[in-house]
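Positions are given from 1 along the sequence.
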Amino acid sequence: MGCVLALAATVVWAVSRPEGGADRTGRAHASASPARKWTPTPATPSGKGVLTLRSAPHVLYLPRYNPHDTAPYAPVYTVRLGAAAPYGGGQGAVGGIEMDLDLSAFEGKAEIHPRLPGDCALTGFRMKCRVEKVQFGRVTEVSPFYVRPAPGAVLGRTGTIRLTVRAANAPTVRHTTRLVVDSPQLTLRPSGKRLTGVNPGEAIRLTPAFGNKGDTGIDGGVSVVVEAHGATLTPRYSNCRYDKPTGATKAQCDFPGPLPAGAAYETDGPVTAVVGEDARDGLIQDSVWRTADMPDFWALSGSAPHGTGATLGLRPVDGGDFLRNGDEYSEVASGDALAFETSRHDDVAAVGFTIKGRVGATVDVTVPYPRGDGWTAPGGRGTLHVTLPAGVSLVDVPPEQHESDIPYCYPSPEKDGTVACPGPAPPGTVMRVHIDRRADGARGSVRADSDPSRDPDQRNNTAPVTITYLP
């Protein structure tokens, strides 16, 4: 479970080495795809809709130029488009979507590399991308380009990236992103502790601490997120939001900033978690994000309940030994979890689920993770094994064919006809299936393996998978 947050924090996509570069004068240029005539996306709408930007970068930091092969990349520019019916409910889609990006802010500062050459065309510093459609109630993630700093990138320079999204049956949406040539580097104090002999109902305290080892400060504020597994958080602080008023397992504490380069702070009070009465083991894990660009699927809603006590404050500390997340320059830092064990045994319990859809339809189904700990390996990875009901087949979705941090299930390497579903990942694991034919009463199963010596009761390690046919 210790890698749960690390999986969520994969905001920077792995990219291939760029083919573009600077010209003989050293001036950065756009790495354009082959010249071709731009063909608008055919409109396939079904009634009026509303198109929204569920998330888009507010600030894009461009790290300092490095002439070596290890020269850094900036975080990938990623937007998440959502669609809905004008008054809620209803079926349909927003279609004929075109993204128009003014990237002139990169001129002389960075090389632009398209990531979706089949759907995006780059001419000079203007990029146009087409998105076939977004179904009402769904979200589509698009990462049209990434950039690499060029020799002309002068620290401190700024610019504006302008995005316009048009659709055949929805109002136009616009967004601006501030480009900053500099990069903060969020860090977090490591924990790495493991408490043993913890009693159920006992309070565990974690004092988060974070810093900035980058080139520039963060003006838009930072947010500390604390997650508890096998325990619940006490809703104590007024500047912290909790996912539930009672029994919360996630808290987001916002600090307005600034966070200057070289500064480090710890909270002036602990975050308290109460160990569950039935917990065998668990963990408390913290992370720090730039508030303005927290992913919408990770941030808590503004309407989430606040704590009822005093404000959680900050005090300066020495952040010399704080750690950063690999090559993720500014987005997030996540620490080693504070893990605990109780005297109880593991009791892994698989959670069944239902596939819903029409015959002939392809649907995505979230595969629920088991209750209890012990189904993951020591490194924090685990795999569920699904046997599909009769009449349902798996649609394999290789990683390179989707723009998401969400892992998809795949055919089991054991070649036993089952489906392997990796996890755990905070957004969940998704299985894409096709409903080939109707088979009333068909049932499958989901299995979570565990060590029998730590989980003596293996009877609940398997749960049913059923299907409901929609008209």
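Applying the side-chain contact (heavy atoms from CB on, under 4.5 Å) criterion to V397, with sequence neighbours excluded, gives H402, Y408, R432. Every residue two or more places apart in sequence or in another chain that forms a side-chain hydrogen bond (donor to acceptor under 3.5 Å, both in side chains) with Q252 is listed here: D254. Residues meeting the side-chain contact (heavy atoms from CB on, under 4.5 Å) test with L323, sequence neighbours left out: P190.
Classification of the H58-H175 ring pair by plane angle, with boundaries at 30° and 60°, yields perpendicular.
Using modelled atom types, one finds no donor on one side chain facing an acceptor on the other under 3.5 Å when comparing N199 with T342.
We find that R166 and D100 are joined by a salt bridge, their nearest charged nitrogen and carboxylate oxygen being less than 4.0 Å apart. A salt bridge is absent between R64 and D182; no separation between the charged side-chain nitrogens and carboxylate oxygens falls under 4.0 Å. With respect to the salt-bridge test (charged N to carboxylate O, under 4.0 angstrom), the residues E141 and R80 qualify.
Note on residues 131-173: no pairs pass disulfide bond (SG atoms under 2.5 Å apart), not counting sequence neighbours. The disulfide bond (SG atoms under 2.5 Å apart) analysis of residues 232-299, with sequence neighbours excluded, yields the pairs C240-C253. Counting only residues at least two apart or on different chains, the salt bridge (Lys or Arg N to Asp or Glu O under 4.0 Å) pairs with a member in residues 298-323 are E266-R315.
More than 12 heavy atoms of other residues, nucleotides or ligands shown are found within 6.0 angstrom of CZ on R194.
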T267/T207 under side-chain hydrogen bond (donor to acceptor under 3.5 Å, both in side chains): CA gap, chis, key distance, verdict: CA-CA 6 Å; T267 58; T207 301; 4.9 Å; no

